[in-house]
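Counting from 1, the numbers follow the sequence of the chain as shown. Owing to the predicted nature of the structure, the values given are computational and were not obtained by experimental measurement. All values below come from the heavy atoms of this structure, side chains included, with hydrogens, waters and symmetry mates left out.
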Amino acid sequence: MNEISLNGEFTQKAPMRYTPAGLAVLEGVFHHQGEVMEAGAKRKLTFDFPAIAIGEIATALDKEPLGKSLQVTGFIAPRSARTRQLIVHITQYS
């Protein structure tokens, strides 16, 4: 299963673009800060992650202000067929 749920501050967004089929595409960056338990100890995490939204979710996310904290859910996939760099594909957010 490939499902991810992260919270983060919406820190960057590129201008909305459209696929040849007319679907809206929005790429952005989120900043995450949190703690997890690993091997019985708390571990602090701070990192940025790239994300992409397509279709109605892209249109809705484009209306959100930068700096807003959001919970995003989706899956991880390579950015393109020619790279191993991963990006979070957002399917829901709140």
Got a second to check how far [X]'s [atom1] is from [Y]'s [atom2], nearest 0.5 Å?
X     : Y     : atom1 : atom2 : result
Ile87 : Ile76 : CD1   : CD1   : 10.5 Å
His89 : Arg79 : NE2   : CZ    : 8.5 Å
Lys42 : Met37 : NZ    : CE    : 7.0 Å
Phe75 : Glu3  : CZ    : CD    : 11.0 Å
Leu6  : Thr73 : CG    : OG1   : 8.5 Å
Gln92 : Gln71 : CD    : CD    : 10.5 Å

**Report entry** Glu35 atom CD: more than 12 heavy-atom contacts under 6.0 Å
**Finding:** yes

**Report entry** Pair Arg17 + Glu27, salt bridge at N-O below 4.0 Å
**Finding:**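 Result for this pair is yes, salt bridge flagged.
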
**Report entry** Heavy-atom pair with the smallest gap, counting every atom of Ala58 and Ala24
**Finding:** CB-O, 3.7 Å

Report summary line: Scanning both residues in full, the closest heavy-atom pair of Leu86 with Pro78 reads CD2-N, 3.9 Å

Following the transitive rule for hydrophobic clusters with a side-chain heavy-atom cut-off under 4.5 Å over Ile, Leu, Val, Met, Phe, Trp and Tyr, establish whether [X] and [Y] coincide in one cluster.
X     : Y     : value
Ile90 : Tyr18 : yes
Met16 : Leu23 : no
Phe10 : Ile4  : yes
Leu70 : Val25 : no

Requested in this report: Anything under 30° is parallel, anything over 60° is perpendicular, the rest tilted; go ahead and classify Phe47 against His32.
Outcome: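 The rings of Phe47 and His32 sit tilted, inter-plane angle from 30° to 60°.
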
Report task. Measure from the side-chain N and O atoms of Tyr93 to the backbone N and O of Ala60, and report whether any donor-acceptor pair falls under 3.5 Å. Result -> yes

**Report entry** Beyond-backbone contact of Thr91 with Ile57, side-chain heavy atoms, under 4.5 angstrom
**Finding:** no

Query raised in the report: Are side-chain heavy atoms of Leu26 and Ile52 found at a separation under 4.5 Å?
Result: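 SC-SC contact between Leu26 and Ile52 ruled out.
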
**Report entry** Reference residue Phe30; test side chain to side chain contact (heavy atoms under 4.5 Å, CB included); the match among Val72, Asp48, Thr11, Asn7
**Finding:** Val72

